[in-house]
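The block underneath contains the structure these notes are about, expressed in structure tokens.
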2 protein chains.
Amino acid sequence: MKKKRPTLQDVAERVGVTKMTVSRFIRNPDQVSDPLRDKIQHALDDLGYIPNRAPDILSKSKSHAVGVLLPSLTNQVFAEVIRGIETVLEPEGYQTMLAHFGYSQDLEEQRIATLLSYNVDALIISESQHTPKAQKMLENAGIPVIEIMDSTSTSPLHIIGINNSAAAREMTQTMIDHGHRNIVYFAARMDERTLQKIAGYKQAMAANNLTAAIKETRSASSFTLGAKFLEEVLSEYPDIDGIFCTNDDLAIGALYACQKKGLRVPEDIGIAGFHGHDIARAMVPLLATVVTPREEMGRLAAQQLLKNIHGEARHASVIELAYEIECGESIKKI
Amino acid sequence: MKKKRPTLQDVAERVGVTKMTVSRFIRNPDQVSDPLRDKIQHALDDLGYIPNRAPDILSKSKSHAVGVLLPSLTNQVFAEVIRGIETVLEPEGYQTMLAHFGYSQDLEEQRIATLLSYNVDALIISESQHTPKAQKMLENAGIPVIEIMDSTSTSPLHIIGINNSAAAREMTQTMIDHGHRNIVYFAARMDERTLQKIAGYKQAMAANNLTAAIKETRSASSFTLGAKFLEEVLSEYPDIDGIFCTNDDLAIGALYACQKKGLRVPEDIGIAGFHGHDIARAMVPLLATVVTPREEMGRLAAQQLLKNIHGEARHASVIELAYEIECGESIKKI
DNA sequence: TAAAGTATTGTTAGCGGTCACATTACCACA
DNA sequence: TGTGGTAATGTGACCGCTAACAATACTTTA
């Protein structure tokens with residue numbers, strides 16, 4: 001026989017008033033007479049009353065929660081996006097409801113339904129491609145939806161992100177400028193962002209009459225994967241003199257593998273990563289990388305959302321954030 | 001004038017039945033007559049009906065959501081714990097509600113109240129020390145609560161974790177066995193786990209008549225912090241010949257800094273980390289580290305929780321998971 | 001063909017707050 | 001002492017769904 005948690009009614013009975021009076025006290029003690037204030041507070045503490053949002057959610061369809069839908073939580077990038085989001089939402093009293101879908105559209109559809117079933121007040125999503133059903137849910141939900149990560153998305157939504165393909169093109173060009181020619185792209189996950197980056201990489205290679213080559217996998221990027229890719233690529237592309245990775249971890253893993261093989265970076269092989277995590281700034285040699293404003297992206301998305309929730313509706317807009325090409329030491333052959 | 005999302009009533013009217021019939025169809029189509037099935041399904045799709053959990057949460061006080069309360073989300077360790085938790089909860093139809101409190105007890109109290117206000121069916125927390133009010137809420141909540149991370153916690157709760165102090169003691173002893181003497185501990189955050197680890201480190205040092213020395217900060221651990229600590233420690237403890245870090249990132253940051261300084265690892269300085277992240281297995285030299293079962297911890301906690309939710313109550317128990325001392329190459333002086 | 005199922009659909013109430021609207025208590029002032 | 005006004009509290013109703021029960025409709029069987 002487990003005890004149920006106390007309701008306003010329980011507290012009210014203990015004090016000898018109606019629950020309405022207790023409700024008033026909780027929201028604005030001034031509305032309640034002096035002698036009652038103490039009694040109610042005491043009863044509240046005594047019973048350990050904990051507010052219940054369910055009735056409010058039911059009657060107002062407002063949950064004070066924002067749904068955040070990301071492909072993965074273990075990816076450091078998304079962890080930082082989340083931090084940015086929460087930095088803004090928490091002080092405003094909004095709870096973040098996190099869900100992830102492991103890069104699967106069908107799972108994404110389910111997660112959207114789940115989040116909506118909790119009456120989230122807004123949604124932050126991170127892909128532009130959805131199942132038709134998911135698409136419809138997003139349209140019918142009647143709440144603000146923001147898509148983050150890539151600014152070139154064609155969704156009819158508010159979008160906040162960076163131009164991944166431009167960033168990749170620019171970094172590839174930078175590597176070429178530093179004398180690298182046979183640059184292989186290390187890809188993982190093959191999600192929308194990675195495909196954008198690959199496109200940018202290919203453009204830069206083509207523009208310089210160089211041959212693009214891609215090492216890819218559907219699985220997650222990691223340090224060990226970077227090392228494995230390097231082992232393989234050496235036999236597959238013996239002429240390789242540059243590697244551009246979809247993520248810093250791949251790059252660093254590859255770099256370690258080079259050290260083991262006795263290959264010099266950047267002299268024998270130039271290596272560049274993507275995102276500019278903290279480690280890139282501490283390592284030897286400093287990693288060339290595209291520094292992305294992950295946390296800021298989260299912050300801006302959350303701020304935009306709050307504006308929308310508070311009624312400042314506006315047309316779907318695209319905010320493109322700046323990235324930064326950091327040359328480090330790992331591609332400075334010339 | 002924003003459109004409200006459709007309710008069961010809306011669907012029912014469209015079909016010409018009562019919402020009860022639609023409700024039945026959704027939960028078990030067999031209960032509805034053949035000709036209606038199609039019509040209802042059609043209306044459902046047509047209006048884009050999305051189930052609403054609020055009424056259920058209100059009437060049954062069951063949300064099918066589990067609250068997870070962690071100090072930080074950006075810490076890789078917790079990201080993996082979350083993955084473990086979700087691996088188990090998602091297939092069971094439970095939504096994870098994440099909250100974090102930045103290592104502050106007061107914030108933790110607030111987060112607990114918030115999560116409970118959403119009627120979570122269970123709670124996973126990660127600290128043993130709480131404010132009195134938080135403590136009371138946890139007791140009164142009437143839902144299963146599991147504390148994870150450290151098995152030596154004295155909470156009167158279900159506990160799943162590792163013995164951090166024993167692990168630190170063992171790793172310190174291992175370093176000593178490999179010929180390191182003046183080992184300094186690099187600490188960050190100063191949370192409960194770190195304090196436990198420091199205790200274990202001190203025990204091992206004392207047992208070998210060696211002097212313990214600690215570099216500490218309240219801020220988060222990072223690669224750059226590890227590098228900074230190394231710089232500082234060289235002048236503060238010129239005799240230093242070993243570093244044991246509360247986290248792999250500190251260790252790796254310190255290691256890079258050693259490389260810059262021309263210090264050999266492990267010959268001049270042995271370095272050990274904690275947790276055994278993927279990078280430790282890819283790097284050169286391989287990092288000595290305590291491998292912790294982070295994901296398993298999350299999985300087990302979630303499984304335990306599900307059992308409790310389904311009524312298999314039991315006395316508070318402690319599950320101590322095994323860690324592993326991995327020597328790698330970074331402490332093998334002897 | 002009537003009685004007795006069984007299958008299908010409908011009706012009511014309630015979950016726990018809060019809104020909008022009474023109602024009562026209390027006070028000042030003419 | 002009565003009147004008007006404000007402060008303090010109370011009274012349904014409602015949010016959307018479903019459990020429990022009620023009422024039909026349709027079959028089957030004697």
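Heavy atoms only: backbone and side chains are in, while hydrogens, waters and symmetry mates are out. Numbered from 1 within each chain, the chains take letters A, B, ... in sequence-line order.
- Between D/dC17 and B/Tyr49, a contact under 4.0 Å exists linking OP1 or OP2 to a side-chain N or O.
- With salt bridges taken as basic N to acidic carboxylate O contacts below 4.0 Å, none links B/Lys133 and B/Glu108.
- Within the 3.5 Å criterion, the main-chain N or O of B/Asp45 finds a donor-acceptor partner in the side chain of A/Lys136.
- At a threshold of 4.0 Å, the pair A/Arg53-A/Asp56 does not count as salt-bridged, since none of the basic side-chain nitrogens sits closer than that to a carboxylate oxygen.
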Exercise for the section: List the steps and the verdict of salt bridge (charged side-chain N to carboxylate O under 4.0 Å, His left out) for B/Glu127 and B/Arg193. Expected result: CA-CA 9 Å; B/Glu127 308 281 302; B/Arg193 267 98 34 214; 2.7 Å; yes
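- Closest approach of B/Ile148 to B/Ala301, counting heavy atoms only: CG2-CB, 3.6 Å.
- The separation between A/Leu116 atom CG and D/dC17 atom P is 14 Å, rounded to whole Å.
- Rounded to whole Å, the distance from CG on B/Asn52 to P on D/dC15 is 13 Å.
- Salt bridge annotation for B/Glu90-A/Arg111: present, with a cationic side-chain nitrogen under 4.0 angstrom from a carboxylate oxygen.
- In terms of heavy atoms, A/Pro144 sits closest to A/Leu305 at CB-CD1, 4.0 Å.
- To the nearest angstrom, P of C/dG16 lies 19 Å from OH of B/Tyr118.
- Rounded to an integer number of Å, the gap from A/Arg27 CZ to C/dG16 C1' is 12 Å.
- Rounded to 10 degrees, the angle separating the terminal helix axes of the helix from C/dT1-D/dA30 to C/dA30-D/dT1, each built from five base pairs, is 50°.
- A pairwise comparison of heavy atoms in B/Ala302 and B/Ile85 identifies CB-O, 3.7 Å as the closest pair.
- Under the 30°/60° scheme for interplanar angles, the aromatic rings of A/His310 and A/Tyr94 are found to stand perpendicular.
- Taking atom CD1 of residue A/Ile50 and atom P of nucleotide C/dG17, one finds them 11 Å apart after rounding to whole Å.
- Listed by residue number, the members of residues 9-26 of chain A with any heavy atom below 4.0 angstrom from DNA chain D are A/Val17, A/Thr18, A/Met20, A/Thr21, A/Arg24.
- Candidate nucleotides D/dC17, C/dG16, D/dA19 were compared by shortest atom distance to the side chain of A/Pro55, and C/dG16 ranks first.
- Spacing between atom CG of B/Asp56 and atom C1' of C/dG16 amounts to 14 Å, rounded to whole angstrom units.
- Using a 4.0 Å cutoff on non-hydrogen atoms, no part of residues 28-43 of chain B comes near DNA chain D.
- Residues A/Ser104 and A/Asp106 bring no donor and acceptor atom of their side chains to less than 3.5 Å of each other.
- A/Leu58 places its CG atom 12 Å from the C1' atom of C/dT18, with the value rounded to the nearest Å.
- For B/Glu80 and A/Thr74, the side-chain atoms include no donor-acceptor pair closer than 3.5 Å.
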